[in-house]
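Predicted, not measured: the structure shown is a model, and the values here were computed from it.
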Amino acid sequence: MDILITNNSQTPIYKQIVNQVKEAILKGVLSEGEQMPSMRKLAKDLQISLITTKHAYEELEKEGLIISMTGKGSFISSNNLEALKEVRLNEIEKHFEKGILLAKSINLTKDEVIEIFEIIFGEVNYD
């Protein structure tokens with residue numbers, strides 16, 4: 001798992017870690033039961049404070065995305081993958097709704113909207 005930290009981002013470093021772990025889970029890069037790097041190792045690899053990684057891991061555990069076991073480490077949980085997907089689906093629906101409202105405001109037909117969607121969908125890079 002590669003985590004990239006942007007120091008000039010408005011997003012706090014711990015939240016960047018949380019967001020990237022969520023993305024990795026959704027994309028299947030991290031799977032159920034997989035062990036996370038220790039907080040110390042992650043802090044060392046990212047050259048950040050141990051407190052920052054601890055904060056990120058606490059947030060991930062609070063959200064049910066990882067399970068931490070004393071003396072064993074932290075592992076990807078299985079119970080919240082569907083919840084993460086549901087959150088993303090909700091985001092997608094809101095974006096579609098906004099786009100459809102814009103399309104209706106200029107009197108586009110359903111077929112024209114679908115054509116735009118198909119063009120954009122075909123151009124998106126999935127890397």
Side-chain angles (χ1 to χ4, degrees):
M1 171 184 69
D2 292 324
I3 294 178
L4 303 173
I5 299 301
T6 305
N7 291 322
N8 59 354
S9 171
Q10 298 287 10
T11 306
I13 292 172
Y14 87 92
K15 197 67 171 168
Q16 291 181 47
I17 295 168
V18 170
N19 292 341
Q20 289 181 51
V21 169
K22 285 180 181 180
E23 281 297 316
I25 292 169
L26 280 170
K27 291 180 177 179
V29 174
L30 293 174
S31 54
E32 174 186 351
E34 188 170 338
Q35 187 167 12
M36 294 284 293
S38 73
M39 286 184 254
R40 287 186 195 282
K41 179 172 177 9
L42 186 62
K44 182 180 176 189
D45 290 349
L46 297 177
Q47 298 180 353
I48 59 173
S49 144
L50 180 58
I51 293 169
T52 302
T53 57
K54 184 177 188 299
H55 193 174
Y57 277 47
E58 286 172 346
E59 181 79 17
L60 289 164
E61 190 164 17
K62 186 173 80 175
E63 291 186 30
L65 298 171
I66 65 171
I67 298 168
S68 296
M69 293 183 263
T70 306
K72 293 187 178 183
S74 299
F75 301 85
I76 301 298
S77 172
S78 63
N79 60 349
N80 268 357
L81 180 58
E82 288 304 314
L84 273 178
K85 284 183 181 177
E86 193 61 36
V87 168
R88 284 297 169 85
L89 284 172
N90 190 18
E91 290 175 20
I92 291 167
E93 288 170 4
K94 286 178 184 176
H95 286 290
F96 280 167
E97 186 175 322
K98 189 183 262 185
I100 289 168
L101 288 172
L102 283 170
K104 284 183 174 183
S105 75
I106 60 169
N107 297 318
L108 289 181
T109 66
K110 180 179 175 183
D111 288 339
E112 290 170 321
V113 172
I114 290 170
E115 183 179 356
I116 292 168
F117 173 82
E118 288 174 343
I119 291 168
I120 293 170
F121 193 83
E123 292 177 351
V124 173
N125 186 352
Y126 299 101
D127 292 337

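- A salt bridge links Glu91 with Arg88: the distance from a Lys NZ or Arg NE/NH1/NH2 to an Asp or Glu carboxylate oxygen falls below 4.0 Å.
- Cluster annotation: Leu65 is connected to Leu26 through the hydrophobic network of ILVMFWY side chains, with a link wherever side-chain heavy atoms come within less than 4.5 Å.
- Remark: side-chain polar atoms of Gln35 are paired, donor with acceptor, to backbone N or O of Lys72 under 3.5 angstrom.
- Look at Lys62 and Glu58 and you find no salt bridge, because none of the NZ, NE, NH1 or NH2 atoms lies under 4.0 Å from a carboxylate O.
- The aromatic rings of Tyr14 and His55 lie parallel to each other, with less than 30° between the two planes, well short of the 60° mark.
- Glu59 and Lys15 get closest at one heavy-atom pair: OE2-NZ, 3.8 Å.
- In this structure, OG1 on Thr53 lies 10.0 Å from CD1 on Ile3, to the nearest 0.5 angstrom.
- Evaluated for a side chain to side chain contact (heavy atoms under 4.5 Å, CB included) with Ser9, the options Ile5, Thr6, Asn7 yield exactly one hit, Thr6.
- You'll find the side chain of Ile119 reaches within 4.5 Å of the side chain of Glu115, heavy atoms only.
- The environment of Asp2 atom CG is sparse: at most 12 non-hydrogen atoms of other residues, nucleotides or ligands sit within 6.0 angstrom.
- Note on Glu61 versus Lys54: no salt bridge recorded, every NZ/NE/NH1/NH2 to OD/OE distance being 4.0 Å or above.
- Under the 4.5 Å side-chain heavy-atom criterion for grouping Ile, Leu, Val, Met, Phe, Trp and Tyr, Ile13 is connected to Leu50 within one hydrophobic cluster.
- One finds the CD1 atom of Ile17 at 7.0 Å from the OG1 atom of Thr52 (value rounded to the nearest 0.5 Å).
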Please walk me through it: do Ile114 and Glu118 pass side chain to side chain contact (heavy atoms under 4.5 Å, CB included)? CA-CA 6 Å; Ile114 290 170; Glu118 288 174 343; 3.8 Å; yes
For residues 38-48, tabulate all N or O donor-acceptor pairs below 3.5 Å that involve a side-chain atom, not counting sequence neighbours.
| from | atom 1 | to | atom 2 | distance (Å) |
| --- | --- | --- | --- | --- |
| Ser38 | OG | Lys41 | N | 3.0 |
| Lys41 | NZ | Asp45 | OD2 | 2.8 |

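- For the pair Val21/Val18, no side-chain contact is recorded, criterion being any heavy-atom separation below 4.5 Å from C-beta on.
- A heavy-atom distance below 4.5 Å is found between the side chains of Ile66 and Ile76.
- Partners of Leu108 according to the side chain to side chain contact (heavy atoms under 4.5 Å, CB included) rule, which considers only residues two or more places apart in sequence or in another chain, are Ala103, Ile106, Glu112, Val113, Ile116.
- The minimum heavy-atom distance between Met36 and Leu30, with the atom names listed, is SD-CD1, 4.2 Å.
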